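Side chains included, hydrogens not; waters and symmetry mates left out as well; all remaining heavy atoms used. Source: prediction; values computed, not measured. All chains are named by letter (A, B, ...) in the order of the sequence lines, taking the proteins before the strands, and each is independently numbered beginning at 1.
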There are 2 protein chains.
Amino acid sequence: MILEKKKAFSEFAANKGLRSTRQRDIILDIFLSTHQHVSVEELYLKVKASHPGIGHATVYRTLKLFAEAGLAREILLHDGQTRYEHVLAGEHHDHLVCTGCNAIIEFEDETIEKLQKEIALRHGFLIRSHKLEIYGLCACCRS
Amino acid sequence: MILEKKKAFSEFAANKGLRSTRQRDIILDIFLSTHQHVSVEELYLKVKASHPGIGHATVYRTLKLFAEAGLAREILLHDGQTRYEHVLAGEHHDHLVCTGCNAIIEFEDETIEKLQKEIALRHGFLIRSHKLEIYGLCACCRS
DNA sequence: TAAGATTATGAAAATGAAATTCAAAAGCAA
DNA sequence: TTGCTTTTGAATTTCATTTTCATAATCTTA
Ligand SMILES: [Mn+2]
Ligand SMILES: [Mn+2]
Ligand SMILES: [Zn+2]
Ligand SMILES: [Zn+2]
């Protein structure tokens, strides 16, 4: 799975005429080693731990490339930090966001997805993407 | 409807021990006169047009109060600007956002709302709020 | 493989939205 | 009014992100 993603990025880079750099390889490795929903700052700190020379700007730029390449998805919750999550081929999910402990629970609901398509159809709207975020308290934080 | 909202805000202010100020009255009047989904800057400019003395900070602070009072809702789309929309008592809706012309189409779907509750229940999650935004192209921008 | 052309990088500066500071002004209870 | 408290607005600060630009790395071609 990690190899697939590396390959996917090489192909994307080749297609776009991007050069292959040590930094991009490192950032990709570290991104792939993280769990879901990393903020740019978190990832930057991880990168810096083993590769102090790599700068903020490169991490920002590279994560945007990953998103463009389809292996990461940018998510904006309500904390002013952009996060990136891993995109598995063909998979989509939405989020339950706990405002108590910041946990993020993922879910999928085919019916909701279908209803969205119907709504779009009804308005002559062409869907490019969507986000559904449910904010509240997770089971732990309720009790 | 405008009077109701003004009254609602007075009550909220009274309850919170807030003072009644000329600025808040003006900003409320102008907010109520706008259409849906105003950015803070847009509102600030409108306010400044007739009342040049009123500052940015007051507009920011006051809109937060409106949200707290329940007569406005903060919405964060993907353009880095906080917007506020009018909240009608007991009403809820979600958004189709056109990335072509920035139009925002509102919709309600009871089934989606119900399904969200079921998902939350399944995860022991207590819903406080949610947002569903569908991004894409509106009918005009498609053709 | 060396040169030349182009792209990528990183430190620092710039940006832009939002929050904060603080002295002055306004509101309020008595 | 008086005196106390809240609010205001200009300016400053903050913070995430973007941009700039000189330097470095990569790729292409000979
Ligand atoms: Mn996720
Ligand atoms: Mn709306
Ligand atoms: Zn929690
Ligand atoms: Zn449009």
Candidate pair B:Tyr135 and A:His130, rule ring pair (Phe, Tyr, Trp, His ring centres under 6.0 Å), full reasoning: CA-CA 5 Å; B:Tyr135 292 88; A:His130 73 265; 9.4 Å; no
Figure out the [atom1]/[atom2] separation between [X] and [N], and round it to whole Å.
X: A:Leu63; N: D:dA16; atom1: CG; atom2: P; answer: 15 Å
X: A:Arg61; N: D:dA16; atom1: CZ; atom2: C1'; answer: 15 Å
X: A:Tyr84; N: D:dA16; atom1: OH; atom2: P; answer: 15 Å

Sugar-phosphate, base or nothing in reach of B:Gly53, heavy atoms under 4.0 Å: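 Sugar-phosphate contact only - B:Gly53 comes under 4.0 Å of backbone atoms but never of a base.
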Inter- and intrachain pairs under side chain to side chain donor-acceptor pair (under 3.5 Å), touching residues 45-67 of chain A, at least two apart: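 Sorted result for residues 45-67 of chain A: A:Glu41-A:His56.
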To the nearest 0.5 Å, how far apart are [atom1] in [X] and [atom2] in [Y]?
X: A:Asp29; Y: A:Lys5; atom1: CG; atom2: NZ; result: 13.0 Å
X: A:Cys138; Y: A:Ile105; atom1: SG; atom2: CD1; result: 5.5 Å
X: B:Lys117; Y: B:Ile119; atom1: NZ; atom2: CD1; result: 12.0 Å

The helix from C:dT1-D:dA30 to C:dA30-D:dT1: angle between end helix axes, five pairs per end, rounded to 10 degrees: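 Helix axis angle between the two ends: 30°.
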Closest approach of B:Tyr84 to B:Val40 (non-hydrogen atoms, all atoms of both residues):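 Scanning both residues completely, I find the closest heavy atoms to be CE1-CG2, 3.8 Å.
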Where B:Ala139 and A:His123 come nearest, the two heavy atoms and their spacing: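 Closest approach of B:Ala139 to A:His123: CB-O, 4.1 Å.
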Partners passing side-chain hydrogen bond (donor to acceptor under 3.5 Å, both in side chains) against B:Glu118 (at least two apart in sequence or in another chain):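 For B:Glu118, no residue satisfies side-chain hydrogen bond (donor to acceptor under 3.5 Å, both in side chains) once neighbours in sequence are set aside.
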Qualifying residues under side-chain hydrogen bond (donor to acceptor under 3.5 Å, both in side chains), relative to A:Thr34, sequence neighbours excluded: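 With sequence neighbours excluded, A:Thr34 shows a side-chain hydrogen bond (donor to acceptor under 3.5 Å, both in side chains) to A:His86, given in chain and number order.
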Partner set under side chain to side chain contact (heavy atoms under 4.5 Å, CB included) for [X], not counting sequence neighbours:
X: A:Glu4; value: none
X: A:Glu91; value: A:Leu88, A:His93
X: A:Leu137; value: A:Cys98, A:Thr99, A:Cys141, A:Arg142, B:Leu126, B:Arg128

Terminal contacting nucleotides, 5' and 3', DNA chain C versus chain B (heavy atom, 4.0 Å):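 Extent of the interface on DNA chain C: C:dA17 to C:dC28.
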Interface with DNA chain D, restricted to residues 73-83 of chain A and to heavy atoms under 4.0 Å: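 Within this stretch, A:Gly80, A:Gln81, A:Thr82 sit under 4.0 Å of the strand.
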Strand-adjacent residues in residues 22-43 of chain B, judged by heavy atoms under 4.0 Å from DNA chain D: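 The stretch gives B:Gln23, B:Arg24 as the residues lying under 4.0 Å from the strand, ordered by number.
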Contacts under 3.5 angstrom, residues 9-16 of chain A side chains, donor-acceptor by atom type, not counting sequence neighbours:
| from | atom 1 | to | atom 2 | distance (Å) |
| --- | --- | --- | --- | --- |
| A:Ser10 | OG | A:Lys6 | O | 2.9 |
| A:Lys16 | NZ | A:Glu68 | OE2 | 2.8 |

Taking N or O atoms only and anything under 3.5 Å, show me the protein contacts with nucleotides 27-30 of chain D, one pair per line.
| from | atom 1 | to | atom 2 | distance (Å) |
| --- | --- | --- | --- | --- |
| D:dC27 | OP1 | A:Ser20 | N | 3.2 |

Distance-only polar pair, side chains of B:Glu106 and B:His37, donor-acceptor under 3.5 Å: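 There is such a pair between these side chains.
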Under 3.5 Å donor-acceptor, A:Arg24 side chain and A:Arg19 backbone: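 Here the side-chain-to-backbone pair exists.
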5' priority, DNA chain C, between A:Ile54 and B:Ala57 [closest heavy atom]: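 The residue closer to the strand's 5' end, by nearest nucleotide, is A:Ile54.
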NZ/NE/NH1/NH2 to OD/OE distance under 4.0 Å, B:Lys131 and B:Glu133: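 So B:Lys131 pairs with B:Glu133 through a salt bridge.
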Phosphate OP1/OP2 of D:dT18 contacted by A:Lys64 side-chain N/O (<4.0 Å):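 Answer yes for this pair, as a side-chain N or O of A:Lys64 is under 4.0 Å from OP1 or OP2.
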Phosphate contact (D:dT17 OP1 or OP2) by A:Tyr60 side-chain N/O below 4.0 Å: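 Checking D:dT17 against A:Tyr60, a side-chain N or O does come within under 4.0 Å of OP1 or OP2.
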